[in-house]
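Here the structure comes first, spelled out in structure tokens, and everything after it is commentary.
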Amino acid sequence: MLKNIPENIFLPDLEKEILKFWKKDNTFEKSITSKEGNRTFTFYEGPPTANNKPGIHHVISRAVKDLICRYYSMKGYQVYRKAGWDTQGLPVEVEVEKKLGIKSKSEIADYGEIAFNKACKESVFTYIKEWEAMTDRMGYWINLDDAYATYHNTYIESVWWALKNFFDKDLIYKGFKILPFCPVCESPLSTHEVAQGYQDLKDPSVYVKFNITSGDLKGSDFLVWTTTPWTLPSNAALAVNPELDYVKIKTSKEENLILAKDRLEVIKDEYEIVKEFKGKDLESTEYGRLFDFFNLNDEKKAFYVIPGDFVTSEDGTGIVHIAPAFGEDDYQAGLKYDLPVFKAVGKDGLFTSVALPYKGKNFKEADQDIIADLKASGRLYKKEMFVHSYPHCWRHHVPLMYYATDSWFIRTTDYKDRMMEINDTIGWHPETFGTGRFGKWLEENKDWALSRNRFWGTPLPIWYYTDDDGNDHYDCIGSIEELRSRSDNFDQVYANENELDLHKPYIDKVTVRSKDGKEMKRVAEVIDCWFDSGSMPFAQLHYPFENKELFENNYPADFIAEAVDQTRGWFYTMLAVGTFLFDKTPYKNVIVNGHILDKNGKKMSKSLGNVVDPMEMMERYGADVLRWYMISSSPIGNSKLFSEEDLMEVQNKFFDTLINTSRFYDIYSGLTGFEFSRDSIMDLEARPVIDKWILSKFNSVRKKYFELMDDYDITKASRIIYDFTLDELSNWYIRRNRKRFRNPASEEDKVSGYQTLFEILIELYQMIAPFSPFLTDRLYMSLSGSESSIHLSEFTGVDESAINIDLEEEMKLAQDIVYLVRSVRVKNNLKVRQPLRQILIPVLNEDVRKKLMNVKDIILEEVNVKELNIIEGDSDIIVKKSKPNFKSIGPKFGKDVKQVQKIINELNSAQISEIERTGKLSAEGFDFTIDDIEIYTNNIEGWIVESYDDITIALDTKIDNELLEEGIVREFINRIQNFRRNNNFEISDKVKIYYKTSENIYSVINKNIDYIKSETLSESLSGENGHDFEFLKSDINGENLEVFLEKI
RNA sequence: GGGUCAGUAGCUCAGAUGGUUAGAGCGCGUGCCUUAUAAGCACGAGGUGGGAGGUUCAAUUCCUCCCUGACCCA
């Protein structure tokens, strides 16, 4: 590494150098091996799928992961970081189908399962190069060489082990699930697919009469509304809301209809209300069915009224037709009341022979026939058409059916309460995520639909045989060894170890023996790939088959981080698996980051063309800048509106300031010959006030930083670093001390200054390093001369003894006064270079007076004024005023506050004196104490004043001759320095000065010639004419000035 | 349709356990400072705190409803 910090740093190039250094140095590896035996901090990597290019949204999660891991590493923990890849499931299959031009599930069979799965396996890492490049480039330290992949046999075996645990506890069962189903694909669609296929559809909306056959209402009709007439042949029940009011009406056509009172608007005829009752009074009422297609077996009861909370009075009639095979509410109600599941329509979307009149008709096309038949039988009350947005298959553009499908479930509802208890112990960041979004999601937990009728996934390890009575018997296999030992043909299917592939279709060939000796075949399904990733804590280590101790020491994770969309994804699946298997949370802390939108708040998508390429951003600004921006620009859990201008601002303000601050130290420590040494640290007490102050401020910031970081509040932590670096360090401490660093008053002064700055810089780099690991490493090594990376260094503790709150307050007071004086100067057109005589500051209490005296010199120097004088509180020229302290008078005077406010605002000086003296005052019938009022002053008689908060200053703006001359000299020096700077003279270059000016200014310059020489490093000043230089033209107080500098 | 988060200056964000002057940065205008600075400072323009109700002496902050955006789920 170079010792010196170069003048122009292009961050992207610097970062590439650092990357090379880290590789050569094995820095990442060292950061783990060097902590052997230390406390461990456990991190889990949520596996991404590498079958698509990484996007900018991946950078933010990875930046968060990396920074927390680096932070804990620098705190002395050993932090393993194992990468992982999600490699199975529908997302992979869909990509492969696209690539192969496959349009339906049946085509996959034609293509061949072996070939298809091979294609899936190969596609999984299509973009792994891009992923690795992005990961590497952004400085995300994770062990990619030792990555887990969910399709590995070892991984699958661990998942099988978990599944067997569930199975043995009777928590896996076979049931139905209503899924959006494409009749052409003959396959359910994932919600992601459904979301992209909504189209407007014109559908019938029919009101149908169901004849009541039991109870008081016998002979009347239930009026029922549906937009899916094709489901009516599969009707099993009607649902009403037990809490709603219902009425029986008699229409002008002599119809007796039952419907919700709030829905009477649907009645087209004249009517009168005959009777009113609650929904619950209707429960169990029986009715006659519309179609006679299904035989009712004796075990299941159908065609009666059930209660349903999902029934509303917002549309329809308040009475809902239930077809358990074709709707989620319907299905759930069917489960609850044990209704029969009638299916008049098959998976292909066609009516089956059960519904003979409609046999072979497409479900949507049959609507019209069914309506016609209902009309003929007098069951149709009325029919309308309406247009609505309805999901279509994105490949075939046909309307989807909601269809009950065979599925395997995990009975997560069995231990939902335990999951909620465990959730309460997780440290969610932001906190509201755990109680809000995730908590609410958990409350509504439903059994996990585990199986998929697909190809590329972890095979469900359940084998079955059917007994002579037609009942199925299931058994679950929990390991490869168990499979081998229970199978007759394992060795035939897998001739040797190398051929072992637990995927379909190979695994389907393996048969096992049941406990009673029957031959069992595997069920056809694979499992939801989310179960794979949810098993990651143990499956990545092939637990429990290997690494038992390692796993036990690393469960649960101390920390994970992903985006909000993992609510029902990884956050949930890990919790569901971990709660059951280990009765413990899988992770103790989570940082949830929001999504990245474009600068207009729109989602980034290829079709909108607003996608931001992370590699491009890093090529342009560098990973450090991008990472810092991601973390600091908005609260991590919020959606982030990505703006390149803001990225540039981070670079210009924060990073350039950081670099220049370091260069400042670099340059002047070199010029003054200072070398930092740990052996001769100057005592804090011996250092000047300004050094004590910056050290106090810095340690206060550090203290806050560690608190915030330990609480995972990374955004706030980054912001306090930013503010400190710019405001306190660069714009106050260094700017104020420039002269001192250039030209120290004494050896002690020099050592104190440089040591202070050095200590702060090194520790500041460390604080920034987890966020932006590149530049900080370069600056750290340059400054410290260390050969060892900053990421191998550890934080030193906060030096509490350096914190001096009084001192910090004093400096704050000084800064506030300086701003006020500058403001007066601007308003009165008085340049800062023009010295002024005095500032007057009224002081109402002793504490402020003391503070002020401590920082007097700093103020005077900063604002270029000769004297600072204090006016004591009892002086005649101070005009005191009072204002109410609402926190005190509010509770005390209640409704009278407004009146009291007026009284206090108008107290005269005698009254104010009285309350100051005695602490009490009675006025206009109210009794006040000193706590009720605040005394302030914003006026000094006879002076121009400026106030801010409770500080007021007056500036003496009269300029006498002495001040004027001094101002002229300063102006002159300024012109000289500008010349040097504009002509790129070195700081140490000695010069001769030539100038032309007015008589008046000439004489002032001549009087101060020695002072000017020393300030400008010049050997001679010549005010004589006769040179033909290109003079720099300028003016001082409106009088002409021309200068030229000659380098010696 | 349900849930979660967000809505504060043209833009990105602070802050306030309810207290009377709601702050920064960017951008814009004017002036100033500086031999570490693509920097900094001051002044100015820019806000009915998404909208409507309610509670309170006092609401941007608490409550209710509504609107908009993002995400999740139907």
Side-chain angles (χ1 to χ4, degrees), chain A residues 5 7-8 191 310 312 314-315 328-329 402 430 432-433 435-441 443-444 563-569 592 594-595 597 599-603 629 632-635 637-641 643 645-646 648-649 651-668 715-716 719 722-723 726-727 730-732 734-735 738 741-742 818-827 829-833 864 883-901 948-949 974 976-982 984-989 1016-1017:
Chain A
I5 298 161
E7 192 166 350
N8 292 308
T191 51
F310 54 87
T312 70
E314 275 165 28
D315 51 22
E328 181 61 26
D329 285 335
Y402 285 90
T432 50
F433 194 91
T435 49
R437 192 149 166 177
F438 192 73
K440 298 278 183 203
W441 156 262
E443 275 173 32
E444 301 194 6
V564 286
D565 53 30
Q566 294 303 323
T567 310
R568 69 181 203 96
V592 185
H595 283 133
L597 310 173
K599 64 178 175 196
N600 300 315
K602 289 275 171 284
K603 196 174 158 173
Y629 165 74
S632 70
S633 67
S634 60
N638 291 5
S639 300
K640 181 183 299 295
L641 277 54
S643 143
E645 287 101 82
D646 290 353
M648 199 132 53
E649 192 187 326
Q651 177 194 284
N652 288 350
K653 301 195 78 152
F654 184 59
F655 284 90
D656 282 355
T657 301
L658 196 64
I659 290 167
N660 281 311
T661 304
S662 308
R663 280 194 68 226
F664 177 84
Y665 177 90
D666 205 30
I667 291 167
Y668 286 105
T715 301
K716 273 207 184 107
R719 287 177 177 180
Y722 182 100
D723 289 345
L726 265 64
D727 297 343
S730 174
N731 286 328
W732 193 258
I734 293 187
R735 191 175 53 76
R738 269 190 294 222
F741 280 106
R742 213 157 51 222
V818 167
Y819 299 145
L820 280 174
V821 173
R822 284 189 190 145
S823 166
V824 177
R825 275 186 175 270
V826 167
K827 284 179 184 164
N829 198 20
L830 296 162
K831 293 184 175 186
V832 178
R833 267 194 296 272
N864 199 13
K883 62 182 176 186
N885 175 4
F886 282 93
K887 278 198 171 148
S888 170
I889 66 166
K892 202 152 145 188
F893 298 109
K895 282 192 201 308
D896 298 322
V897 157
K898 287 221 166 77
Q899 201 186 341
V900 167
Q901 176 183 12
Y948 173 79
D949 275 352
N974 168 259
I976 304 298
Q977 305 294 32
N978 283 349
F979 190 102
R980 295 181 67 110
R981 185 184 168 84
N982 292 339
N984 295 321
F985 285 21
E986 289 296 317
I987 291 160
S988 52
D989 282 343
T1016 57
L1017 275 186

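Scope of the values below: all heavy atoms of this structure, side chains included, with no hydrogens, waters or symmetry mates. So you know, we letter chains A, B, ... as the sequences are listed, proteins then strands, and number each from 1.
In this entry the distance linking CG of A/Asn652 with P of B/A36 reads 19 Å, nearest Å. In this structure, A/Gln899 atom CD and B/C57 atom C1' are separated by 12 Å, rounded to whole Å.
A/Ser634 is linked by a side-chain hydrogen bond (donor to acceptor under 3.5 Å, both in side chains) to A/Lys640, counting only residues two or more places apart in sequence or in another chain. Checked against ring-ring contact (aromatic ring centres under 6.0 Å, His included), A/Tyr629 has the following partners two or more places apart in sequence or in another chain: A/Phe642. A search for ring-ring contact (aromatic ring centres under 6.0 Å, His included) contacts involving A/Phe741 returns A/Phe664, A/Tyr754, not counting sequence neighbours. For A/Arg735, the side-chain hydrogen bond (donor to acceptor under 3.5 Å, both in side chains) criterion is met by A/Glu862, not counting sequence neighbours. Take A/Ser662 and apply the side-chain hydrogen bond (donor to acceptor under 3.5 Å, both in side chains) test, not counting sequence neighbours, and it matches A/Tyr765. The side-chain hydrogen bond (donor to acceptor under 3.5 Å, both in side chains) test applied to A/Ser632 returns A/Trp628, not counting sequence neighbours. Not counting sequence neighbours, the partners of A/Tyr722 by the ring-ring contact (aromatic ring centres under 6.0 Å, His included) test are A/Phe654.
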Would you list the protein and nucleotides 41-44 of chain B atom pairs, both N or O, that sit under 3.5 Å from each other?
residue : atom : partner  : partner atom : Å
B/C41   : O2'  : A/Arg822 : NH1          : 3.1

Listing time: all N or O pairs from protein to nucleotides 67-71 of chain B that are below 3.5 Å?
residue : atom : partner  : partner atom : Å
B/A70   : O2'  : A/Ser639 : OG           : 3.4
B/C71   : O2'  : A/Arg437 : NH2          : 2.3
B/C71   : O2   : A/Arg437 : NH1          : 3.4
B/C71   : O2   : A/Arg437 : NH2          : 3.4

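Checking B/U55 for Watson-Crick or G-U wobble geometry (two distances, each under 3.5 Å) identifies no partner in any strand.
Minimum atom distance to the side chain of A/Glu649 is reached by B/G25, of the listed B/G25, B/A36, B/U12.
Counting atom types as modelled, A/Thr657 pairs no side-chain N or O with a base atom of B/A36 as donor and acceptor under 3.5 Å.
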